[in-house]
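Proteins come first, then strands; the chains are lettered A, B, ... in the order of their sequence lines, and each starts at number 1.
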Protein chains: 2
Amino acid sequence: MKIKEKSVSLSQKVKEKITEYIMNENLQPDSVIPSEAVLTEMLGVSRYTVREALALLEQDKILYKIQGKGTFVNKVPTHIESGLEKLESITEIIESYGYEPGTIWIGIEENLPTKDMVDKMGLEEDDKVVTFTRIRTANGKVAVYCVDTIKRTDTMEKIPQIIEEESMFNYLKEKHGIEPEYAIAEIIPTLPTAEMIKHMKIKENQLFLLLHQVHYDKEGSPQIYSMDYFNTDVFKFIVNRIR
Amino acid sequence: MKIKEKSVSLSQKVKEKITEYIMNENLQPDSVIPSEAVLTEMLGVSRYTVREALALLEQDKILYKIQGKGTFVNKVPTHIESGLEKLESITEIIESYGYEPGTIWIGIEENLPTKDMVDKMGLEEDDKVVTFTRIRTANGKVAVYCVDTIKRTDTMEKIPQIIEEESMFNYLKEKHGIEPEYAIAEIIPTLPTAEMIKHMKIKENQLFLLLHQVHYDKEGSPQIYSMDYFNTDVFKFIVNRIR
DNA sequence: CAGTGGTCTAGACCACAAG
DNA sequence: TTGTGGTCTAGACCACTGC
């Protein structure tokens, strides 16, 4: 059996070629790179493809353009770290810090939705929901208190006692075909609840950041309602903001 | 004198045409819109232009595409509010809430940069910086405690006592040609400092969100170092997160 | 003025979904 | 197989920059 080869688009290849060129020529910040016309000839592709590649490099803040002048190399980016604006699972976030993710299960329960859930998830008041409560750890250290809620559907015959899968995103994708495409998150500074203090052995005055989110799929349907309490001793919250 | 007319691109016009079409046909969520080929004929423009317009509508979450199937209308978005990922001045943020922005000046000072400023702004240790400290109000209510710092340059002969301009962004753009294009912000939950309590008449246990930011211009040079303490009684912090 | 990036056209082939 | 969106080509004119 042959492994499926990921076909890489031409623009991607051109992007890499241009990156190589910048490296090889050792171009310094603010120095100009060859014009689009020149790159078109150099690389033997159309201007469209060159512009696609340049657009990608501009998104990555490798280059910037000034109309009428040219395309220039940007400052060396210490800013490449992706921030909150990128939707990642908590497992991915913990791994991106270089930590080993772990999970301590608190429980899985069937409930009636709260008023806020009904509003934000577009539920009926007599719909049922399932709530997964976990503590996520990073290198064994208590990192996040997670409360994730999804709508109870007919495909869920019985509620599992526990989920083996480390990542909630992976579990929901594989078992229920739920795949979040974007989320709207409210950031709320907060002190731990009594429940959290009991389970997490933390100080009462420890500050947390609550990420109160609703996740949507590509079609814009709400899929997951989650309240994640992040220990700010472990995480830095970065947002890349664009004009 | 004639007001300079902003020439609107064709893709923009096409975008509006398509929006009108969706309204007129009263298309419901998840219903398919005409294919790109059909739109090309309907509107008498090239497919490139149609795709540009569709891309804009997809960004706005008005539409979504599925390869091989078609382009569809998204759920009605209550989610249109722009979040933290959009770089706005505090004046703009306050106005977007429908409040009237105001300013109480604490002072303007020349200082030596802190270690953190030297690192993040790429300064020398004997560079000078100028720090503007203000309280921003929303409908007269204390909203944000702002500490903005920029590098002292030769073009700044003397330090002003106060700045009339409401918006710091506008002031810096007009007086010093500084125009932030993006920013990297760290979000830190925090309690008010003694200084803040003195000036703002707030409770000691009032939770604030500190937005610790460095603003960069298009070329990637750091321009503004700012610490903005937001009163979470006044503001909700929303971030739109994308996969 | 010449050279740059920004926008637009017309046409082609490919990858994917559905009958 | 047909129709969809995804990618790519070749060529054109426009808007802005700097000489």
Atom-pair distance ([atom1] on [X]; [atom2] on [N]), nearest Å:
| X | N | atom1 | atom2 | answer |
| --- | --- | --- | --- | --- |
| A:Leu56 | D:dG6 | CG | C1' | 14 Å |
| A:Leu10 | C:dC13 | CG | P | 17 Å |
| A:Leu39 | C:dG3 | CG | C1' | 14 Å |
| A:Lys13 | D:dC8 | NZ | C1' | 12 Å |
| B:Gln12 | C:dC8 | CD | C1' | 15 Å |
| B:Leu43 | C:dA10 | CG | P | 13 Å |
| A:Tyr48 | C:dG5 | OH | P | 18 Å |
| A:Tyr64 | D:dT17 | OH | C1' | 15 Å |

*Ring center gap for A:His215 and A:Tyr182 short of 6.0 angstrom*: no
Distances for protein N or O near nucleotides 1-5 of chain D N or O, under 3.5 Å:
unit_1, atom_1, unit_2, atom_2, d
D:dG3, N2, B:Gly68, O, 2.9
D:dT4, O2, B:Gly68, N, 3.4
D:dG5, OP1, B:Thr71, N, 3.4
D:dG5, OP1, B:Thr71, OG1, 3.0
D:dG5, OP2, B:Glu36, N, 2.9

*asked:* Determine whether A:Glu36 and A:Arg47 satisfy the following criterion, salt bridge (charged side-chain N to carboxylate O under 4.0 Å, His left out), listing intermediate values before the conclusion.
replied: CA-CA 7 Å; A:Glu36 295 178 354; A:Arg47 191 177 160 212; 2.9 Å; yes
*Counting just side-chain N and O atoms, does B:Thr49 come under 4.0 Å of either OP1 or OP2 of C:dT9?*
yes
*Hey, are the side chains of B:Ile150 and B:Leu172 touching, using non-hydrogen atoms and a 4.5 Å cut-off?*
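Result yes, sub-4.5 Å side-chain heavy-atom pair found.
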*asked:* Under a 4.0 Å threshold between the charged nitrogen and the carboxylate oxygen, would A:Glu181 count as salt-bridged to B:Arg243?
replied: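 Looking at A:Glu181 together with B:Arg243, the answer is no, because their closest N to O distance does not fall below 4.0 Å.
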_Lys/Arg N to Asp/Glu carboxylate O, A:Asp228 vs A:Arg136, below 4.0 Å_ =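 Result for this pair is no, no salt bridge flagged.
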*B:Phe235 vs B:Tyr97 aromatic rings, parallel, tilted or perpendicular, using cut-offs 30° and 60°?*
perpendicular
